[in-house]
S.K.: 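Can you read through this structure? Questions will come right after.
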2 protein chains.
Amino acid sequence: MKRPTIADIARLAGVSKGAVSYALNGQPGVSESTRRRVLAIAEEIGWNPNGAARALSGAPSHTVGMVLHRPARILGVEPFFMELISGVEAELSARSYALTLQVVADQPAEIAVYRRWWGERRVDGVLVCDLRVDDPRIPVLSELTLPTVVVGMLGESAELVSVWSDDAAAVVEAVEYLSALGHRHIARVGGLPELRHTAARTAAFEEVCRRLEVAPALTISTDYTGEDGARATRRLLSSPRRPTAILYDNDVMAVAGLAVAHEMGFSVPADVSLVAWDDSVLCQLVHPPLTALSRDIPAYGGHAARQLLDVITGLPASSVQDETAHLIPRGSTAAPPSATGRGA
Amino acid sequence: MKRPTIADIARLAGVSKGAVSYALNGQPGVSESTRRRVLAIAEEIGWNPNGAARALSGAPSHTVGMVLHRPARILGVEPFFMELISGVEAELSARSYALTLQVVADQPAEIAVYRRWWGERRVDGVLVCDLRVDDPRIPVLSELTLPTVVVGMLGESAELVSVWSDDAAAVVEAVEYLSALGHRHIARVGGLPELRHTAARTAAFEEVCRRLEVAPALTISTDYTGEDGARATRRLLSSPRRPTAILYDNDVMAVAGLAVAHEMGFSVPADVSLVAWDDSVLCQLVHPPLTALSRDIPAYGGHAARQLLDVITGLPASSVQDETAHLIPRGSTAAPPSATGRGA
DNA sequence: CTGAAAGCGCTTACAG
DNA sequence: CTGAAAGCGCTTACAG
């Protein structure tokens, strides 16, 4: 099957290729009747624009790129990314943009992908996740002047636009809630420490613990997997200064931590309270259902996509703060066991 | 920043653009010394191939497309798709292919995407999931002669290549196992009935139940969400002829079903046995851990990607049968309660 | 309002 | 082994 081109349409309509191009793109320069005839013929012979030819003439690709660098085994399990992606997709597809995803093994590979996409004009812009402290991607993206929106906290680098959520405030809400219940030993099972939002959460956690005289503000670092979350929980629950409450940096680890607590013979929330970050159905399916810091992740992705489209189309865009995660108390949190109970 | 082109390289190297092209692509037609010089200059000035120009000259896009049509809320929660995609990605990125994903609302939209991709030469081939009985996508893809690999059972349509798994055999294994434990009332919470693999599972389920004199072979249809799974479980467990075992078509519904059973005061597995299909960490995190039909989904995706690359590059490729899901018995299955127990 | 033409950055026969 | 040239399918000034 030979693909029809605008030359075919031009011949059939008896006009020039240029006129066909104007008609097809809704540009001025052709009469209404010509435009209608051209569109009808295009429809009839099943014409589709050749994206390569358009791109070569400088037209946008109508594609947004996203490079994911977390290990594939996380992507398959953690609902966060798929929810984020589905939100991004919803916004993009409503504006007829496509999303190109690429999973990479490390950060140099990620940077190489941006350079290649830029060189190939494959994408009109990119969405960048999981910013690190001193992130090497930022200068590269600035240098390439590739339209970029950062999903998450950007910090000082004011040259890029970001959509972010106040993780510090959410940490404070969770710890204040646990403290109000009477907890004095709160531990945290944190995410990858080199990520900016992890650093922000850790700092906020330490500060609020200090302020409320909750001690020690122990954070164990993990890679977000259920395995790591289980390991950290096992370590915390078998330590001499066993915490009475644990705050997890994602839902998968919190669910795994719940299983570990049960397996070690602890009752939740009687012996230990658990709080998850991000509230997928996972949290509601387990027993007891998990108290969680909840936020609308698809909406978050949608907002990021909208910002990026604004940047791409040259509209004024500046960083926006998205909804702060809010605590949804469920069955996994309660007052700590009395001081006469077992343990420390 | 102006993007360098092969014209720049040609000027710097003092050769023609054609020679540069041959050198860059490892084609014969240039001396070894010229090739080295050209490559060094390209590297030095940071040249990247312009994909649009290559595509316009008929070169492949080195991109594979995948259209997902399930509702976004499923994608975010069901591990199956992300695991499949990560397996596809792993295989593609090892061969320097990218994956373009597009989420659509319905099947006409999906077909429109294929036509557009084909017209725009955006992808070299596509991976098609969730085949339906009498699937309208098949004739369109054949007509477009767009390289296609079907993930899942293809049935009679022999004109396309597929990678499939014998779901019928897996159903039989699960039911035989439950029957051997003594179950005589087994129900199934099935997926979307219009999908081919659902139909195959349903047919196999009915046949094996008939053969083993297990009755009735009731299948409740769902949309794969936890909500639907919970609803179906509630209905089954409150029916006068309450089943002693339930087989779910995915893991999310099985986990939701477990929560419902607990909430209704049933003990698992003492009162009712549950079996999940697909064995993500979810199944191991809940209490009791779920007996599951397990298979290596990333590998499945990887095989599909490899088949597609073979089709694209013109290598001989034919449908291959992938691993059959195998039963992993865990704590959610046991002998049924004795006839004197409560219920039917 | 319309036509003829250049140009985007490559690839690939075709001559030398 | 190398150079000059056509062509891929569009877009977009530039003349009419």
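Quick note: numbers below take in every heavy atom, side chains included, and nothing from hydrogens, waters or symmetry partners. Throughout, protein chains are lettered first and strands after them, A, B, ... in sequence-line order, and every chain is numbered starting at 1. These numbers were taken from a predicted model, which means no experiment stands behind them.
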S.K.: Of all residues at least two apart in sequence or in a different chain, which pass the side-chain hydrogen bond (donor to acceptor under 3.5 Å, both in side chains) check with H62(A)?
M.R.: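 For H62(A), no residue satisfies side-chain hydrogen bond (donor to acceptor under 3.5 Å, both in side chains) once neighbours in sequence are set aside.
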
S.K.: S162(A) side chain to V150(A) main-chain N or O, any donor-acceptor pair under 3.5 Å?
M.R.: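 Side chain of S162(A) to backbone of V150(A), a donor-acceptor pair under 3.5 Å: no, none is there.
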
S.K.: Atom CG of N25(A) to atom C1' of dG9(D): distance rounded to whole Å?
M.R.: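 One finds 13 Å between C1' of dG9(D) and CG of N25(A), rounded.
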
S.K.: Are side-chain N/O atoms of R122(A) and T63(B) paired as donor and acceptor at under 3.5 Å?
M.R.: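 Checked: R122(A)/T63(B) side chains pair up, N/O donor to acceptor below 3.5 Å.
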
S.K.: Report the residue (I6(A) or G29(B)) whose heavy-atom-nearest nucleotide on DNA chain D is the more 5′ of the two.
M.R.: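 So the residue in question is G29(B).
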
S.K.: Figure out the CZ/P separation between R122(A) and dC10(C), and round it to whole Å.
M.R.: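 The answer, rounded to whole Å, is 14 Å.
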
S.K.: Write down the distance between CG (L24(B)) and C1' (dT11(C)), rounded to a whole number of angstrom.
M.R.: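 Going from L24(B) (CG) to dT11(C) (C1'), I get 12 Å.
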
S.K.: Could you tell me whether the phosphate oxygens of dG9(D), OP1 or OP2, come under 4.0 Å of any side-chain nitrogen or oxygen in S57(A)?
M.R.: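 No, S57(A) has no side-chain N/O under 4.0 Å of OP1/OP2 on dG9(D).
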
S.K.: For A19(B) and A53(B), find the nucleotide of DNA chain C closest to each by heavy atoms; which residue's nucleotide sits nearer the 5' end?
M.R.: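 That would be A53(B).
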
S.K.: Across the strands shown, which category fits T5(B) at heavy-atom distances under 4.0 angstrom: base, sugar-phosphate, nothing?
M.R.: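 It contacts sugar-phosphate atoms only.
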
S.K.: Could you pull out all residues at least two apart from R54(B) that satisfy salt bridge (Lys or Arg N to Asp or Glu O under 4.0 Å)?
M.R.: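 Salt bridge (Lys or Arg N to Asp or Glu O under 4.0 Å) check on R54(B) returns nothing, list empty.
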
S.K.: Just one of V151(B), V163(B), L92(B) clears the side-chain contact (heavy atoms from CB on, under 4.5 Å) bar with L127(B), so which one?
M.R.: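 Answer after filtering V151(B), V163(B), L92(B): V151(B).
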
S.K.: Quick one: is dC10(C) close enough that its OP1 or OP2 comes under 4.0 Å of any side-chain N or O from S21(B)?
M.R.: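 No.
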
S.K.: Quick check: does any side chain N or O of S142(B) sit under 3.5 Å from a backbone N or O of I138(B), one acting as donor and the other as acceptor?
M.R.: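 Yes, S142(B) side chain to I138(B) backbone: donor-acceptor pair under 3.5 Å.
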
S.K.: Side-chain contact test, heavy atoms from C-beta onward, threshold under 4.5 Å: evaluate it for L84(A) versus M66(A) and give yes or no.
M.R.: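 The answer is yes, as the side chains (C-beta and beyond) meet within the 4.5 Å cut-off.
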
S.K.: Is any side-chain heavy atom of P136(A) closer than 4.5 Å to one of I111(A)?
M.R.: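 Answer yes - side chains close enough.
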
S.K.: Are the side chain of E323(A) and the backbone N or O of S165(A) linked by a donor-acceptor pair below 3.5 Å?
M.R.: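 Here the side-chain-to-backbone pair does not exist.
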
S.K.: Show me the protein contacts with nucleotides 14-16 of chain C, counting only N or O atoms at under 3.5 Å.
M.R.:
none

S.K.: For S31(A), answer base if it contacts any base atom (sugar-phosphate contacts may also be present), sugar-phosphate if it contacts only those atoms, and nothing otherwise; contact means non-hydrogen atoms under 4.0 Å.
M.R.: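 Here S31(A) touches the backbone only, sparing every base.
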
S.K.: Under 4.0 Å between a side-chain N or O of S16(B) and OP1 or OP2 of dG3(D)?
M.R.: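 Yes, S16(B) has a side-chain N/O under 4.0 Å of OP1/OP2 on dG3(D).
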
S.K.: Using a cut-off of 6.0 Å, state whether more than 12 heavy atoms not belonging to E43(B) lie near its atom CD.
M.R.: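 Counting other residues, nucleotides and ligands, CD of E43(B) stays at 12 neighbours or fewer.
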
S.K.: Between P on dT12(C) and CD on Q27(B), what's the gap in Å once rounded to a whole number?
M.R.: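 For the pair Q27(B) CD and dT12(C) P, the rounded distance is 6 Å.
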
S.K.: Given atom CZ of R54(B) and atom P of dC8(C), what is their separation to the nearest angstrom?
M.R.: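 Whole-Å distance recorded here is 18 Å.
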
S.K.: Please give, in whole Å, the distance from dC10(D) P to R11(A) CZ?
M.R.: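 Taking atom P of dC10(D) as the reference, CZ of R11(A) is at 13 Å.
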
S.K.: Toward the 5' end of DNA chain C, which comes first, S33(A) or K17(A), by nearest nucleotide?
M.R.: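 Residue closer to the 5' terminus by nearest nucleotide: S33(A).
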
S.K.: Is there a side chain to side chain contact (heavy atoms under 4.5 Å, CB included) between R137(A) and L131(A) once you walk through the steps?
M.R.: CA-CA 9 Å; R137(A) 294 171 296 179; L131(A) 235 63; 3.7 Å; yes

S.K.: Contact list please: residues 40-50 of chain B against DNA chain C, heavy atoms, distance less than 4.0 Å, in numerical order.
M.R.: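 Within this stretch, W47(B), N48(B), N50(B) sit under 4.0 Å of the strand.
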
S.K.: From the options dG3(D), dG9(C), dC10(D), select the nucleotide whose nearest atom is closest to the side chain of L56(B).
M.R.: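 Selected nucleotide (nearest to the side chain): dG9(C).
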
S.K.: Quick one: salt bridge (Lys or Arg N to Asp or Glu O under 4.0 Å) partners of E194(B), sequence neighbours excluded?
M.R.: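 Checked E194(B) against salt bridge (Lys or Arg N to Asp or Glu O under 4.0 Å); matches are R132(B).
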
S.K.: In this structure, which stretches of DNA chain C are paired as stems of three or more consecutive Watson-Crick or G-U pairs, both distances less than 3.5 Å?
M.R.: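 Stems for DNA chain C, defined as runs of 3 or more consecutive pairs: C:1-3 with D:14-16, C:5-12 with D:5-12, C:14-16 with D:1-3.
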
